[in-house]
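One structure is given below, encoded as structure tokens.
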Amino acid sequence: MNNRVYYDGKAFELFISEEKISDTVDRLAQDISKHYAHINEPLVLISILDGSFIFMADLIRSLDLEVSIQFVKLKSYQGTTSRGEVAHILKLQEDIKGKYVLVIEDIVDTGLTLEVFIEELRKKEPAEIKVCSLLSKPEVHNNIIDLDFVGMEIPPDFIIGYGLDLNGLGRQLPEIYRLVV
Ligand code: 5GP
């Protein structure tokens, strides 16, 4: 474990340890398992790529539930075109009508991507949609969307590691690092 890592000439300092992440994932898994204990069908987990792939992989192995998993890849065009436009690079593969759906995010920053994606999911008429995010920046998104399961609330710093990247790099780091400004 390094106290500092460097990508693209920028320094990042250790922010959240591997142990703290693991404890947080376990707690989320317990909460989610308890919440869905009554449903007599697999819970549909929808992971938003790329950032959430490591979180998703760890979370599903700690859940005490039957699950089916799907991956989507979204690209949002905030600022360049109309507010809240989201292009699907990878679409849902299976019908979610009448199903219990839990969306898995790595981090909620402005919340815009998630807000638009959930609106689109609603049109597919699932029985229920809830959201789980490992990290949340409440000072940025001002709770514009409901997060049902949140791992940690963090300040509006830019972070990398545990699936999160800087220009494609740093995703493999087992810890989370924040940009030194
Ligand atoms: P939002 O639509 O909530 O503003 O953005 C969500 C996406 O932006 C996240 O899923 C993540 O991919 C990216 N993102 C937001 N904050 C950070 C951050 O601090 N570090 C990194 N690497 N990506 C972030």
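No side-chain donor-acceptor contact under 3.5 Å links Ser52 to the backbone of Glu105. Counting only distance, with no hydrogens or angles, the side chain of Asp148 and the backbone of Val131 share a donor-acceptor pair below 3.5 Å.
Considering CZ of Arg61 and CG of Leu63, their distance stands at 11.5 Å, rounded to 0.5 Å. Between the OH atom of Tyr6 and the CG atom of Leu166 there is a distance of 14.5 Å, given to the nearest 0.5 Å. Met56 CE to Ile46 CD1: the interatomic distance, rounded to the nearest 0.5 Å, is 9.0 Å. With rounding to the nearest 0.5 Å, the separation of CG in Asp146 from CG in Leu114 is 10.5 Å. For the atom pair CG of Asn3 and OH of Tyr177, the computed distance is 7.5 Å after rounding to the nearest 0.5 Å.
A salt bridge is absent between Asp95 and Lys124: the closest approach of a Lys/Arg side-chain nitrogen to an acidic carboxylate oxygen does not fall below 4.0 angstrom. A salt bridge links Glu13 with Arg178: the distance from a Lys NZ or Arg NE/NH1/NH2 to an Asp or Glu carboxylate oxygen falls below 4.0 Å.
Under the ring pair (Phe, Tyr, Trp, His ring centres under 6.0 Å) criterion, His141 pairs with no residue at all, not counting sequence neighbours.
Residues Leu92 and Val72 form a side-chain contact, since some pair of their non-hydrogen atoms from C-beta on lies under 4.5 Å apart. Pro42 is not listed as a side-chain neighbour of Val67, based on a closest heavy-atom distance of 4.5 Å or more. With a 4.5 Å cut-off on side-chain heavy atoms, Arg27 and Phe149 do not count as touching. Cys132 places a side-chain heavy atom less than 4.5 Å from the side chain of Ile32. The side-chain heavy atoms of Arg171 and Tyr162, taken from C-beta on, include no pair separated by under 4.5 Å. Using a 4.5 Å cut-off on side-chain heavy atoms (C-beta onward), Ser133 and Asp106 make no contact. Side-chain contact between Asn2 and Glu175 is absent, with no heavy atoms from C-beta onward closer than 4.5 Å. Looking only at side-chain heavy atoms (C-beta outward), Lys137 and Val108 stay at 4.5 Å or farther from each other.
In this structure, Tyr100 and Leu43 approach most closely via the heavy-atom pair O-CD1, 3.5 Å.
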